[in-house]
Engineer: 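Please read through the structure below; I'll follow up with questions.
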Amino acid sequence: MPADTTLIILGASGDLTSRLLLPALGQLLTREPNRSVRLHGAGMDDWTDEHWRDVVRAAFATTGAEGAFATVADTTYSQADITQAADLQRLLDAAEGRPALYFAVPPAVAEKACAALADVTIPEGTILALEKPFGTDEASAHALNALVAKLVPEEQVFRIDHFLGRSTVLNLLGVRFANRLIESVWSADDIATITVDYPEKLGLEGRAGYYDHAGALVDMIQSHLLQVMAFVTMEPPSSLDQLDLRDATSAVLRATHVWDDDPVTSSRRARYTEGTIGDRHFTSYVDEPGVDPSRKTETLAEMTVEVRTARWQGVPIVLRSGKGLGSDGGDRAVTVTFKPVRHLPGGFIGESSPTVLTFSLGPDTMSLGLNVNGADDPLELERVSLAADLGEGGLKAYGEVLSGILDGDAMLAVRGDAAEQCWRIVQPVIDAWRADEVPLDEYPAGTAGPASWDL
């Protein structure tokens, strides 16, 4: 019986495939063993079908999904140059059911492959799954969107942001929209600030070829954190259908601008110097292999934005991410800080701190910081945290992504106009940094960031 979908992984011999895609596919097939899917790998390496199957089997085993290998046991591999139309045609012609092309390759290669697809007969319903970053600025993203639009309809283009497959981001929607207590105060009337923070203990990890050209601003804030912010601040959609949800997130991004239209005072950048995290020693970023110090690439980026709508005008939203940060560098979290109460009756003692709602981005937890009466003195205010473990979710982030691709449901994919808007939002900061209008601070690896920053 033919498969419903053939998942064709382009760049099958690369790290992304073996480290993330295949383990996630194994987990998905373990959870949903009745899926009708055929797997085909394509890459530049001269692999046999047997070698490819060994790679798939080993990757499945990393998530305890050995039993799911039987579902794709007939998987095959092709040596192919995906920038050549003839090779792409051969791959599509051999597909069963609906082909889904997953571009597990660098963005420049994916763009060349899309150009080659213009000379290919593409089967109806074919899905194109493209890893971010999507373009290098707003103009290039727009050009790439125009190219892809000539190949397949927009709803068949999956611009992958694995952050949107995180169970925490999905849980956030449930908390926002299924609780009157939360939804009724979800605006500038009651919220003072929002922070989306994603510190990393990892360093460059051999990615200088990409990272030294991108930096933390493009790698994380432009590519991921703006999308998370859109989920936090969007208007309630009528449904979680891909059209309604992506309309809502795109509308928020169109309304998002650098705080006070001043990228100099509303952004900060830094890079790590020599230091230690746990038992691991970090060399200074500028001494990492493949790094060009003259590029002044940042490893820690922060920018403040504002969503200029009736709901959010006047609320500073801080987006921050960095590498080589220690355990005191903050939590990976969306933090919503509410305004203080309008009036605290006289007679209370102790500190009355604002209410804070935190969604941790792994491990997946939610906490609510409140002021309560003390146990010993009922007039003394104490701080308590009500916490809930949201669990790891049924699937890893890439499992959620692959599930959407195989189902043809683009709910968690980034729409073309949203990808362009993310570049528009960060461009003033990029320009200010390139003009050296914002100082490049430094921080020892293993610390929370520059000593001069108020973190």
Engineer: Which residues satisfy the ring pair (Phe, Tyr, Trp, His ring centres under 6.0 Å) test with Trp423, sequence neighbours excluded?
Structural biologist: none

Engineer: Can you name the salt bridge (charged side-chain N to carboxylate O under 4.0 Å, His left out) partners of Arg53, sequence neighbours left out?
Structural biologist: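 Residues passing salt bridge (charged side-chain N to carboxylate O under 4.0 Å, His left out) with Arg53: none at all.
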
Engineer: Suppose the criterion is ring-ring contact (aromatic ring centres under 6.0 Å, His included): which pairs have a residue in residues 204-224, not counting sequence neighbours?
Structural biologist: His162-His224, Phe163-His224

Engineer: What's the spacing between Leu344 CG and Leu381 CG if we round to 0.5 Å?
Structural biologist: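 Interatomic distance, Leu344 CG to Leu381 CG, rounded to 0.5 Å: 6.0 Å.
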
Engineer: Are Phe359 and Thr335 side-chain neighbours, meaning at least one heavy-atom pair lies under 4.5 Å?
Structural biologist: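 Heavy-atom side-chain distance check fails, nothing below 4.5 Å.
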
Engineer: Is there side-chain contact between Gln156 and Leu128, with at least one heavy-atom pair below 4.5 Å?
Structural biologist: no

Engineer: Given Gln79, which of Asp46, Thr48, Asp87, Asp45 fulfils the side chain to side chain contact (heavy atoms under 4.5 Å, CB included) condition?
Structural biologist: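 Result for side chain to side chain contact (heavy atoms under 4.5 Å, CB included) with Gln79: Asp46.
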
Engineer: Can you see which heavy atom on Gly41 is nearest to which on Ala12, and at what distance?
Structural biologist: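 Minimum heavy-atom contact is CA-CB, 3.6 Å.
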
Engineer: State which residues pass side-chain hydrogen bond (donor to acceptor under 3.5 Å, both in side chains) with Gln242; sequence neighbours excluded, sorted by chain then number.
Structural biologist: none

Engineer: Is a donor on one side and an acceptor on the other found under 3.5 Å between the side chain of Thr63 and the backbone of Phe60?
Structural biologist: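 Flag set: sc Thr63 to bb Phe60 pair under 3.5 Å.
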
Engineer: Got a sec, which residues hit side-chain hydrogen bond (donor to acceptor under 3.5 Å, both in side chains) with Asp241, two or more places apart in sequence or on another chain?
Structural biologist: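 Result, side-chain hydrogen bond (donor to acceptor under 3.5 Å, both in side chains) vs Asp241: none returned.
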
Engineer: Spell out, as yes or no, whether a donor-acceptor pair under 3.5 Å connects the side chain of Thr75 to the backbone of Val72.
Structural biologist: no

Engineer: Between Asp81 (side chain only) and Thr83 (backbone N and O only), is there a donor and an acceptor less than 3.5 Å apart?
Structural biologist: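 Answer holds: yes.
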
Engineer: With side chains defined as the heavy atoms from C-beta onward, is the minimum distance between Ile194 and Met229 less than 4.5 Å?
Structural biologist: no

Engineer: Show me the side-chain donor-acceptor pairs of residues 275-282 shorter than 3.5 Å, one per line, residues at least two apart or across chains.
Structural biologist:
unit_1, atom_1, unit_2, atom_2, d
Arg280, NH1, Glu205, OE2, 3.0
Arg280, NH2, Glu205, OE2, 3.0
His281, NE2, Glu274, OE2, 2.8

Engineer: Decide yes or no on side-chain contact (heavy atoms from CB on, under 4.5 Å) for Phe231 and Val252, but give the supporting numbers first.
Structural biologist: CA-CA 9 Å; Phe231 271 64; Val252 164; over 6 Å; no

Engineer: Quick check with a 6.0 Å cut-off and a 45 degree axis cone: is Arg268 positioned over the face of Trp453's six-membered ring?
Structural biologist: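 Flagged: Arg268 positioned over aromatic ring of Trp453.
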
Engineer: Backbone N or O of Asp262 within a donor-acceptor pair of the Ser266 side chain at under 3.5 Å?
Structural biologist: yes

Engineer: Just checking, is any N or O donor in the side chain of Tyr198 or Arg332 under 3.5 Å from an acceptor N or O on the other one?
Structural biologist: yes

Engineer: At what distance, to the nearest 0.5 angstrom, does CH2 of Trp433 lie from CE of Met303?
Structural biologist: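 One finds 8.0 Å between CH2 of Trp433 and CE of Met303.
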
Engineer: If you measure from CZ on Arg308 to CZ on Arg254, what distance do you get to the nearest 0.5 Å?
Structural biologist: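 So the gap between those two atoms works out to 15.5 Å.
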
Engineer: What verdict does the side-chain contact (heavy atoms from CB on, under 4.5 Å) test give for Glu302 and Val318, after you've listed the backbone C-alpha separation in whole Å, the side-chain angles of each residue and the deciding distance to 0.1 Å?
Structural biologist: CA-CA 7 Å; Glu302 178 186 286; Val318 179; 3.8 Å; yes

Engineer: Side chains of Thr273 and Ser284: do they bring a donor and an acceptor to under 3.5 Å?
Structural biologist: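 No, because no side-chain N or O of Thr273 sits under 3.5 Å from a partner of the opposite role on Ser284.
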
Engineer: Quick one: does any side-chain atom of Asp292 pair with a main-chain N or O of Ser294 as donor and acceptor, under 3.5 Å?
Structural biologist: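 Yes, because the side chain of Asp292 sits within donor-acceptor range (under 3.5 Å) of the backbone of Ser294.
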
Engineer: Go through Ile160 and Phe158 one step at a time and tell me if the side-chain contact (heavy atoms from CB on, under 4.5 Å) criterion holds.
Structural biologist: CA-CA 6 Å; Ile160 304 302; Phe158 285 65; 4.0 Å; yes

Engineer: Heavy atoms, side chains only, cut-off 4.5 Å: are Leu300 and Leu325 in contact?
Structural biologist: yes

Engineer: Does anything in residues 216-228 form a salt bridge (Lys or Arg N to Asp or Glu O under 4.0 Å)? List the pairs, not counting sequence neighbours.
Structural biologist: Arg207-Asp219

Engineer: List the residues meeting side-chain hydrogen bond (donor to acceptor under 3.5 Å, both in side chains) with Thr304, not counting sequence neighbours, and say none if there are none.
Structural biologist: none

Engineer: Let me see the working for Arg311 and Glu235 under salt bridge (charged side-chain N to carboxylate O under 4.0 Å, His left out), right down to the final yes or no.
Structural biologist: CA-CA 8 Å; Arg311 181 184 289 266; Glu235 292 299 312; 2.8 Å; yes

Engineer: For Asp137, give me all partners under side-chain hydrogen bond (donor to acceptor under 3.5 Å, both in side chains), at least two apart in sequence or on another chain.
Structural biologist: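 Applying side-chain hydrogen bond (donor to acceptor under 3.5 Å, both in side chains) to Asp137 gives Ser140.
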
Engineer: Can you run down the salt bridge (Lys or Arg N to Asp or Glu O under 4.0 Å) pairs that involve residues 424-434, sequence neighbours left out, and say none if there aren't any?
Structural biologist: none

Engineer: Taking atom types as modelled and ignoring hydrogens, do the side chains of Thr297 and Asp212 form a donor-acceptor contact shorter than 3.5 angstrom?
Structural biologist: yes

Engineer: For the CG atom of Leu101 and the CD1 atom of Ile8, what is their distance to the nearest 0.5 Å?
Structural biologist: 5.0 Å

Engineer: May I ask you to test the Arg271-Leu440 pair for a side-chain heavy-atom distance under 4.5 Å?
Structural biologist: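 Yes - at least one pair of side-chain heavy atoms lies under 4.5 Å apart.
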
Engineer: Less than 4.5 Å apart, side chain to side chain, heavy atoms only: is that true for Val185 and Ile191?
Structural biologist: no

Engineer: Any carboxylate oxygen within less than 4.0 angstrom of a Lys/Arg side-chain nitrogen, looking at Asp436 and Arg269?
Structural biologist: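 Salt bridge flag = yes for Arg269 with Asp436.
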
Engineer: At their closest point, which heavy atom of Ala192 faces which heavy atom of Pro316, and how far apart are they?
Structural biologist: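 The answer is O-CD, 3.3 Å.
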
Engineer: Measure the spacing between CG of Leu172 and CZ of Phe177 and express it to the nearest 0.5 Å.
Structural biologist: 8.5 Å

Engineer: Less than 4.5 Å apart, side chain to side chain, heavy atoms only: is that true for Gln27 and Tyr398?
Structural biologist: no

Engineer: Quick one, Val305 and Val307 - any side-chain contact, counting heavy atoms below 4.5 Å?
Structural biologist: no

Engineer: Side chains of Glu306 and His257: any donor to acceptor distance under 3.5 Å?
Structural biologist: no

Engineer: Can you name the residues that form a salt bridge (charged side-chain N to carboxylate O under 4.0 Å, His left out) with Glu154, not counting sequence neighbours?
Structural biologist: Arg159

Engineer: Can you see whether Tyr443 engages Thr299 through a side-chain donor-acceptor pair at a distance of less than 3.5 angstrom?
Structural biologist: yes

Engineer: Could you tell me whether Lys323 and Glu200 have a side-chain N and a carboxylate O separated by less than 4.0 Å?
Structural biologist: yes

Engineer: Please list, one pair per line, the donor and acceptor atoms closer than 3.5 Å that link side chains of residues 410-417 to other protein atoms, with sequence neighbours excluded.
Structural biologist:
unit_1, atom_1, unit_2, atom_2, d
Arg415, NE, Asp417, OD1, 3.0
Arg415, NH1, Asp247, OD1, 2.6
Arg415, NH2, Asp247, OD1, 3.3
Arg415, NH2, Ser250, OG, 3.4
Arg415, NH2, Asp417, OD2, 3.2

Engineer: If the threshold is 4.0 Å, N to carboxylate O, is there a salt bridge linking Lys339 and Asp189?
Structural biologist: no

Engineer: To the nearest 0.5 Å, how far apart are CG in Leu361 and CG in Asp197?
Structural biologist: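 One gets 9.0 Å once the value is rounded to the nearest 0.5 Å.
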
Engineer: Salt-bridge test for Arg176 and Glu183: reply yes if a basic N is under 4.0 Å from a carboxylate O, no otherwise.
Structural biologist: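 Looking at Glu183 together with Arg176, the answer is yes, because their closest N to O distance falls below 4.0 Å.
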
Engineer: Applying side-chain contact (heavy atoms from CB on, under 4.5 Å), run through Ser353 and Asn371 and close with a yes or a no.
Structural biologist: CA-CA 7 Å; Ser353 301; Asn371 302 312; 4.2 Å; yes

